[in-house]
There are 2 protein chains.
Amino acid sequence: MSSARQPAPTRPTSRDVARAAGVSQATVSLVLGGKWRGRVSTSTAERVRGSARELGYRPNFAARSLRMGRTRTALLVVPALTNEFFARVYTGAAAVAAEHDFGVVLYPSPDGTGPARDPFASARAALDGVIASSMAADALGALRGAELPLVMLDSDPEDHGAAARVNLDIADGMRQVTEHLLGLGHRRFTHLASAVDTWTFAVRARALREAVESVPGAVLHTVTAPLDVTAGREAAEKILSSPGPLPTALVCDDDILAAGACKAVRRRGLRVPDDISVTGFDDLALATAVEPELTTVRLPAEQVGERGMTALLDVLEGRRAEPGDLPVRLVARGSTAPPPRA
Amino acid sequence: MSSARQPAPTRPTSRDVARAAGVSQATVSLVLGGKWRGRVSTSTAERVRGSARELGYRPNFAARSLRMGRTRTALLVVPALTNEFFARVYTGAAAVAAEHDFGVVLYPSPDGTGPARDPFASARAALDGVIASSMAADALGALRGAELPLVMLDSDPEDHGAAARVNLDIADGMRQVTEHLLGLGHRRFTHLASAVDTWTFAVRARALREAVESVPGAVLHTVTAPLDVTAGREAAEKILSSPGPLPTALVCDDDILAAGACKAVRRRGLRVPDDISVTGFDDLALATAVEPELTTVRLPAEQVGERGMTALLDVLEGRRAEPGDLPVRLVARGSTAPPPRA
DNA sequence: GCCTCGACGTTATACGTAAAACCCCGAGGT
DNA sequence: ACCTCGGGGTTTTACGTATAACGTCGAGGC
């Protein structure tokens, strides 16, 4: 069956480079490792680098990390990559990692379906650290146990146990939304909230409530829904068919829910934003794809990934990761307008 | 500064397990490797497994792959994760990989921005194989050079050089779209095509052209645009403002473009689908978020990933990967209707 | 009684790298 | 003349695993 042994096109090793350059393997390691100043002459170093380039030498990663005990690999734990926000977080983290010759491996926790597997089983190599979204609830337990440097994304500042934390100024975002709507004249709000119980959403709820309560005569109701378009539409339909005066503004925890809400409004024969204003959160691609385009809060997702990775690198190097929330910005578009004269 | 040396909470090694079980390290390796039948007694094997479990032993991945020369890691090369389609491909591939104790690491090729980096630089470990989308054009060159088992996704069947191939039956999808529209009575088509020049899009164009040409009196124009909502809208606006009779159906290469096209139609004061029908491709979440919901072709993205990974595993085991295109299905929704009487 | 043989292990080795420990040699000090 | 010192390397070792090669011991054949 399989008898033909290949002519072994094995990758060149540091020893091959050494042979080619006429030095020992150790010298190659020193030169390529960058710590040769004062130990190897410049000319020899240059010769070694030349041979390495010629042979197309690439250090064997397994050997290196076996020797060093560090893998230059981080685990990013997110709920699901199909959520554009987290795909962008990954992109940002991977970009910073690449600059520092680091790798990022993913653990998208199996959302509902499938067994809640060990987040570390997905990591091929041993890990140097972990970056985890607080929304990946099912994996957080195992993460605490491990003695790994942990950077939390968008998690409760009160909750210690992480080496660093990267947060968005969600509260400010929600305040901007509310002030925008109040400024337009809205007084009857309904909060279409995510059913997921995590810090970010709790903050949204609180900031909205506080902003509304500070205005005499303004009222706020709340309805929750899972994070998908259909669920958002159904929840909004329930709102619109409940007795009493309709809200004039639907404040949604997420663009997905907002898209669903818009559909519900129109199915009721009403118009967005003429009859009811709708706001989203996140500024996904979706926000400008629907009509009217959504007034929403732009979250710098890539920056979250970048800062997360940077913080992890800081922790690994023994530096202190600088804190500070990332600012967010209201993007006013077509889904909000003054309430109807009524 | 950093003087306190930790009490070394190093992970237990196979030697620790050996000590605990009162055997040699080799025996531990045999037992845990599963090839102990006839070499180790059942009772000893059981004892070893017990100690391993107690100590929480997890084999050192770096050491293992150094010894074995295989890393049980595959590289998935895609254009961008923020494209929902590829996020789903990843999800499918990762799921199958996990079942076989394999890992998947990503190379999302930097779309335009940033230097076109070496796809292998992102791979921490040496790789056992590669799965690559034909849309990741910038990385394909380097992939050819490497002597790695390569599985291509959605690539030209004529193009040899891959060990296996996983394709969607794109042509059939486009035929379904065209027949749906022809059946509704449409005769004037414009193809809003992706500006990206890859096999999938070439197939879409050909299938559409052939299907339209087979009907006497049916006409087809083509306009291309980059894959984003705004570009789609602008391209569609150009179509709608060009002289001559307007098309009654806009066939788009992608849901993103279709969403943009819908916006263009309405900006012109026309309605979808009453005045102009619009079709998409992919069935992204977007398709049901916009209004009207898009008639589109559902692509089994997760299955593409699953089949891709399965094929790679087959190749690695020396098995023959079974070929066969994945079927796709038209999903008729609200963006298509009979053309206006006119 | 000697040889064989299978069952059950053990000892030894190699994978490719980083880095500690060592070595050699010529210049400079006394 | 002898010792020191530092520049420019080399030798050696260890990382944790998989596995080839090697023992040992008791039963069974002749």
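In what follows, chains are A, B, ... by sequence order, proteins preceding strands, each numbered from 1. Predicted model, so just to flag it, every value in this text is computed and none were measured. Keep in mind that the numbers below use all heavy atoms, side chains included, and drop hydrogens, waters and symmetry copies.
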Pairs of donor and acceptor atoms involving the side chains of residues 126-133 of chain B, under 3.5 Å and at least two apart or interchain, shall be tabulated with distances.
unit_1, atom_1, unit_2, atom_2, d
B:Asp128, OD1, B:Thr71, N, 2.9
B:Asp128, OD1, B:Thr71, OG1, 3.3
B:Asp128, OD2, B:Thr71, N, 3.2
B:Asp128, OD2, B:Arg72, N, 2.7
B:Ser133, OG, B:Met135, N, 2.9

So, using salt bridge (charged side-chain N to carboxylate O under 4.0 Å, His left out) as the criterion, who are the partners of [X] when residues are at least two apart?
X	result
B:Asp156	none
A:Arg15	none
B:Glu54	none
B:Glu99	none

Query raised in the report: Restricting to pairs with a member in residues 19-29 of chain A, which pass salt bridge (Lys or Arg N to Asp or Glu O under 4.0 Å), not counting sequence neighbours?
Result: A:Asp16-A:Arg19
Report summary line: So salt bridge (Lys or Arg N to Asp or Glu O under 4.0 Å) across residues 37-49 of chain A, not counting sequence neighbours, yields A:Glu46-A:Arg49
Between [N] ([atom2]) and [X] ([atom1]): distance, integer Å:
X	N	atom1	atom2	value
B:Met68	D:dG16	CE	C1'	13 Å
B:Asn60	C:dC15	CG	C1'	13 Å
A:Phe61	C:dG16	CZ	C1'	13 Å
B:Arg64	D:dT17	CZ	P	9 Å
A:Leu66	C:dT17	CG	C1'	8 Å

Query - Nucleic acid contacts of residues 13-22 of chain A, taken as heavy-atom distances under 4.0 Å to DNA chain C - result: A:Thr13, A:Ser14, A:Arg15
Query - Members of residues 23-31 of chain A that approach DNA chain C, where some heavy atom sits under 4.0 Å away - result: A:Gln25, A:Ala26, A:Ser29
Query raised in the report: What are the two closest non-hydrogen atoms of B:Val31 and B:Trp36, and how far apart are they?
Result: O-CD1, 3.7 Å
**Report entry** Residues in side chain to side chain donor-acceptor pair (under 3.5 Å) contact with B:Ser41, at least two apart in sequence or another chain
**Finding:** B:Ser43, B:Thr44
Report task. Not counting sequence neighbours, which residues clear side-chain contact (heavy atoms from CB on, under 4.5 Å) with A:Ala321? List them please. Result -> A:Ala164, A:Ala311, A:Asp314
Query raised in the report: Is there a residue in residues 35-57 of chain B whose heavy atoms reach under 4.0 Å of DNA chain D, and which residues are they?
Result: B:Lys35, B:Arg39, B:Tyr57
Requested in this report: Could you verify whether a donor N or O on one side chain and an acceptor N or O on the other, from A:Ser65 and A:Arg70, lie under 3.5 Å apart?
Outcome: no
